[in-house]
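Below you'll find the structure, written out as structure tokens, and then a few comments.
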Amino acid sequence: MVQSSVLGFPRMGVLRDLKKANEAYWADKISQQDLLAEGKRLRLAHWKIQKDAGVDIIPSNDFAFYDHVLDHIQLFNAVPERYTKQKLSPLDEYFAMGRGHQKGDVDVPALEMVKWFDSNYHYVKPTLQDNQTFSLAQDPKPVREFLEAKEAGFQTRPVLVGPVSFLALGKPDRGSSVDPITLLDKLVPVYVELLKALKAAGAETVQIDEPVLVFDLRPEIKNAFKPAYEAFAAQGSAIPSIVVATYFGDIVHNFDVLPAFANVQGVHVDLARHPEQLEPVIKQLGPNQILSAGVVDGRNIWKNNFQKSLGLLQTAIKALGPERVIVATSSSLLHTPHTLASEKKLPADVYEWFSFASEKVKEVAILAKAAIDPESVRAELDANAAAMKARAESTRTNDPKVKERQEQVTDAMHHRKSGFETRYAQQKTHLSLPLFPTTTIGSFPQTSEIRVQRNKFTKGEITEEQYDEFIKKEIDLAVQIQDELGLDVYVHGEPERNDMVQYFGERLQGYVFTTHAWVQSYGSRCVRPPIIVGDISRPAPMTVKESKYAASVSKKPMKGMLTGPVTCLRWSFPRDDVHQSIQCQQLALALRDEVVDLEKNGIFVIQVDEPALREGLPLRKGSEREAYLKWAVNSFKLATAGVEDSTQIHSHFCYSEFQDFFHAIAALDADVLSIENSKSDAKLLKVFIDESYPRHIGPGVYDIHSPRVPPEEEFKQRIQEMLEYLRPEQLWINPDCGLKTRKWDEVKGALTHMVNAAKYFREKY
Ligand code: GLN
Ligand code: ZN
């Protein structure tokens, strides 16, 4: 028999129940007991979905109120003293680390939160001290939740983040210099104690996640696996059997680590992402070891291609025998929405192409049966084949016109007519810009009035004309305020945009939208990415109406505002049937037409935002990363290079760590770059001199995440610092990012100081 297994289930519930409960608890609207009860209800419901689907190996301890890495910080009593000393309840201490705590006389900021591998989920970074100690928390969560499941009739496999990954994903706390991996021998005994407790509670197997195995690892980390897993092996049957899980990459480059797992029961690999690692991995397994084959993708929303998965499973079964193969999700299903059943508005044909978490668990169970006895699930296999065929042949998927256009893309289309010097000379006269030009990044406050009107329009309570009138009034207001502030390049304020990707997706052919397909991004925050289902094209201009109107009421250059192709791709669920580079090029061509249309309509400054360019970077150095950089940069260039020399192309990035990414940013050939910088050392800008960067740069001069209005002096100081690294003609003055989350009085206050500071330097130079 082949078993089926799920590595983790989304936590939010059908209607983002966990988000609602958490937020109600934070707002003191429900009690701690209520919240704990809601957590239990969700766990039980999620176990039941998996059991009803016929899954053999169901995870526990995959649930977390905020984040599963944060759970482990508390589980190992690795909570920094600034939290423990507040004497909060364990749950409040936990949330304090996740999101900060400001109540009564307690005021502690959150721990750092960063992206989980290359996903859009964020985890809380373990923050460790020079004299760090670890011990097992009382009533450890994995044991508690295992027993909770058991009592309800579910035999589960607890999931733990492994000791090497836990440390490798951590960092030294402020003021400490400890290399976290050196703490391994202090941490391993705590794992042993936990594993013993799980065994005593009745756990037969545990899943230990060591996802760092997909990275390029330094020797200290590689060498840490052996002592850790040897210590576990030494416990013999006093602890459960272990399946080591990896995901989001292949582990072939780390095969020299595998002897460390000689005594574990099995290894899980991601075959959705890297099917080619199957045969090499099979060769590495010990004579009795199990392969957990991650064939059902935990990162997307597509129905599994059973034929393809069964091909992989047959290879594994042939080599290992059915008893040594487990059919699994490629990773936790945390990154997929809860259930397709909630979607009532999807086109009927497209509905058949999708599979969310509750459907994917069924796929795993069906595949396990099909691998041994296809006839027992003939109907399911036939239905799957029919869905695959319908999708492959759908006119929605294939648009010959788009393909034809892609074939006609030439190298020349990626390059502006002239080099920057020539372009700049023309732009300077065409736009009559002063030294130290001031601008903003695009959005102005999204007031509650804007949201109310947008909602009314979506619900059909006001007509399109009424809504358009409202948007025009908002643009008028934005222009009037920019007049008063004395900015140099205006923006229309983006009042008509609900979201920077969805807005474009809704205007492009090839996208569909869901109503409930929320995915956890961090804590209680969820995102609902649009889905790319087919070849992308632009039936009509998307932003020209608003930008043209804004330009018509403005006496200074109006900046057109677009979301770049890479960001549109990364913040959507992409297709899995064509390479992402192809989808990105289609987006680029659609945006290229938009850029040219804006120019035709009198918009001569156009900003194409690419905040997601960096997060798409493949996890490992080497050919995959090089290839990504090439197509990502080319897509941006293709989108923007269709304009005359006198039109100025801007781009914007919301991160400041661009040193190792500098060449990609430089290769975009944007006339002006705005980057987040206000919280970083101005020294970071040195890379622009070191690399003799010729074009113009607007490093953010103030933090837009905070309501604080910095005094004029602070702006002057900041600009002065920047001038140590940038030439005066090179420097633009702008905030870190868009202002949509701020209030108008904060915006006016800060921008007044910003413009005054720019004027001060204009006089000086
Ligand atoms: N133009 C967008 C805005 O100002 C940019 C947002 C972003 O970079 N995330 O809101
Ligand atoms: Zn930004």
Side-chain angles (χ1 to χ4, degrees), residues 115 120 122 438-447 450-451 454 471 474-475 478-479 481-482 487 489-505 507 521-522 525 527 529-530 542-543 546-547 550 558-572 591 594-595 598 603 605-616 636 639-640 648-658 661 665 668 670 672-680 697-706 732-744 746-747 750-751 754:
K115 289 216 174 203
N120 203 6
H122 300 68
T438 54
T439 190
T440 59
I441 305 305
S443 57
F444 277 132
Q446 285 262 334
T447 57
I450 293 181
R451 275 192 291 268
R454 185 183 301 136
I471 293 296
E474 287 295 317
I475 294 174
V479 169
I481 292 173
Q482 293 173 89
L487 286 150
V489 172
Y490 287 11
V491 296
H492 77 285
E494 307 180 22
E496 77 289 7
R497 304 205 184 161
N498 40 8
D499 170 272
M500 64 185 290
V501 174
Q502 191 181 339
Y503 183 81
F504 289 92
R507 281 153 187 80
S521 172
Y522 62 86
R525 192 178 148 74
V527 293
M542 305 182 281
T543 64
E546 289 78 11
S547 287
M558 176 58 63
K559 184 159 64 167
M561 200 57 60
L562 303 173
T563 303
V566 184
T567 302
C568 282
L569 177 77
R570 290 286 314 168
W571 292 355
S572 305
L591 287 160
E594 186 72 13
V595 168
L598 283 169
I603 307 295
V605 182
I606 301 167
Q607 176 177 312
V608 179
D609 293 329
E610 281 291 23
L613 186 64
R614 193 199 164 106
E615 66 178 53
F636 178 90
T640 52
Q648 189 168 62
I649 297 291
H650 289 222
S651 187
H652 166 69
F653 305 95
C654 306
Y655 41 79
S656 43
E657 307 86 32
F658 42 78
F661 199 54
I665 293 183
L668 300 176
V672 183
L673 293 179
S674 59
I675 49 182
E676 178 174 315
N677 191 253
S678 75
K679 280 172 290 179
S680 326
I697 312 148
V701 288
Y702 84 96
D703 176 17
I704 54 87
H705 297 103
S706 158
W732 281 64
I733 310 294
N734 48 257
D736 266 350
C737 191
L739 298 162
K740 57 174 160 266
T741 56
R742 295 272 60 83
K743 299 208 165 64
W744 268 116
E746 295 155 6
V747 166
L751 292 182
M754 184 184 93

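Residue numbers start at 1 and run along the sequence shown. Whatever order the structure lists ligands and atoms in, that order sets their numbers, starting from 1.
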With the criterion set at N/O pairs under 3.5 Å, what does the list of contacts between the protein and ligand 1 look like, atom names and distances included?
residue  : atom   : partner : partner atom : Å
ligand 1 : 1 (N)  : Ile441  : O            : 3.1
ligand 1 : 1 (N)  : Glu494  : OE2          : 2.9
ligand 1 : 1 (N)  : Asp609  : OD2          : 2.7
ligand 1 : 4 (O)  : Ile441  : O            : 3.4
ligand 1 : 4 (O)  : Ser443  : N            : 2.9
ligand 1 : 4 (O)  : Ser443  : OG           : 3.1
ligand 1 : 8 (O)  : His652  : NE2          : 3.2
ligand 1 : 10 (O) : Ser443  : OG           : 2.7
ligand 1 : 10 (O) : Lys740  : NZ           : 2.9

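Side chain of Lys559 to backbone of Thr440: a donor-acceptor contact under 3.5 angstrom is found. Within the 3.5 Å criterion, the main-chain N or O of Gln502 finds no donor-acceptor partner in the side chain of Arg497. Not a single donor-acceptor pair under 3.5 Å links the side chain of Glu676 to the backbone N or O of Cys737.
Between Met754 and Leu487, some side-chain heavy-atom pair lies under the 4.5 Å cut-off.
Rounded to 10°, the angle formed at the Zn ion (ligand 2) by NE2 of His652 and SG of Cys654 is 120°.
Listed by chain and number, the residues in a side-chain contact (heavy atoms from CB on, under 4.5 Å) with Thr563 are Met500, Val501, Phe504, Thr567, Cys568 (sequence neighbours excluded).
Thr543 pairs in a side-chain contact (heavy atoms from CB on, under 4.5 Å) with only one of the listed residues (Leu562, Val595, Ile606), which is Leu562.
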